[in-house]
Amino acid sequence: ANVTIDGGKENATIEVIQDGVVPTIEIAATSFPVSADGGTISVSVDSNVEYEVTVNDSWVEYKGLSGTTEAFEVGANGSESDRTATVTFSYGNISKTVSISQKGKKEEPYINITNRTYNMPADGGSFDVSVSSNVNYSVAISADWVSGSGNSYTVAPNSETSARSATVTYSYGDISV
């Protein structure tokens, strides 16, 4: 602003310069963990400027501002790999970054056995079990007349007149078949 002072015959003009407020962008939290299923996250932003929002990955969608909260939709992660995206809030030479980390979709552990009963003759023999699994399972055999591991087993001859039975149990954590 210019101010003119009139002192009769002489005028003096002075210039008054006033600084503007210092631009600020403050983020309440800078790290947001999200499950593999995705969801909405809300970022609380306190700023005295109109900043720009930049998302560096397509699986995070900017939904907009409501009051002082920025909303982002995080898509489901169909991969088993974890992933991270960043959101940058910037104005001039000021920038604040938020990190969004998402877990990969973990496949539920399983143990599948196609045949659960093996009828063996009295003179014994061997059998193979067809097992499919995505975990490292342990095997427990309930009787000493059955031996083996993995998917190959041998049954000792039965010299008794009565039938007998044993179990071979495949286990991993809470899974037991």
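Numbers here are sequence positions counted from 1.
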Output the rest of the hydrophobic cluster of F72: all Ile, Leu, Val, Met, Phe, Trp and Tyr residues reachable through side-chain heavy-atom contacts under 4.5 Å, sorted by chain and number. I25, I27, F32, V34, I41, V43, V45, V49, Y51, V53, V55, W59, V60, Y62, L65, V74, V87, F89, Y91, I94, V98, I100

Note: T88 and S95 closest approach over all heavy atoms is CG2-CB, 3.9 Å

Point-to-point distance, once rounded to the nearest 0.5 Å, from OG1 of T68 to CD of E26: 13.0 Å

Heavy-atom closest contact (P23 atom, N48 atom, distance): CA-OD1, 3.4 Å

T86 and S99 side chains, donor-acceptor separation under 3.5 Å: no

Check for a donor-acceptor pair, side chain of N134 on one end and backbone N or O of E108 on the other, with a separation under 3.5 Å. yes

Tell me the closest heavy-atom pair linking Y110 and S133, and the distance in Å. O-OG, 2.8 Å

Any non-hydrogen side-chain atom of P109 less than 4.5 Å from a side-chain atom of Y172? yes

For the residue pair T40 and E73, confirm or rule out a side-chain donor-acceptor distance under 3.5 Å. yes

Show the numbers, then the answer: is there a side-chain contact (heavy atoms from CB on, under 4.5 Å) between Y118 and V129? CA-CA 9 Å; Y118 293 87; V129 178; 3.9 Å; yes

T69 side-chain N/O to S44 backbone N/O, donor-acceptor pair under 3.5 Å: no

Starting from the C-alpha separation in whole Å, work towards a yes-or-no answer on side-chain contact (heavy atoms from CB on, under 4.5 Å) for I17 and E15. CA-CA 6 Å; I17 300 170; E15 183 177 9; 4.1 Å; yes

side-chain contact (heavy atoms from CB on, under 4.5 Å) between Y170 and I113, intermediate numbers included: CA-CA 9 Å; Y170 293 79; I113 298 174; 3.3 Å; yes

Around atom CG of N136, are there more than 12 heavy atoms of other residues, nucleotides or ligands at under 6.0 Å? no

Tell me the closest heavy-atom pair linking G148 and I141, and the distance in Å. O-CD1, 3.6 Å

Output the distance between atom OG (S81) and atom NZ (K106), rounded to the nearest 0.5 Å. 7.0 Å

Would N158 and R164 count as a side-chain contact (heavy atoms from CB on, under 4.5 Å) here? Give the steps. CA-CA 8 Å; N158 184 2; R164 59 186 179 180; 3.6 Å; yes

Closest approach of G104 and D82, non-hydrogen atoms and distance? N-OD1, 2.7 Å

Taking every non-hydrogen atom, the tightest pair across I111 and V131: CG2-CG1, 4.2 Å

For the atom pair OG (S47) and NZ (K96), what is the distance rounded to the nearest 0.5 Å? 10.0 Å

Tell me whether Q102 contacts the main-chain N or O of S35 through its side chain, where contact means a donor paired with an acceptor under 3.5 Å. yes

Flag the pair E107 and K105 as a salt bridge only when some basic side-chain nitrogen lies within less than 4.0 angstrom of an acidic carboxylate oxygen. no

Given side chains that start at C-beta, do those of S149 and V139 come closer than 4.5 Å, heavy atoms only? no

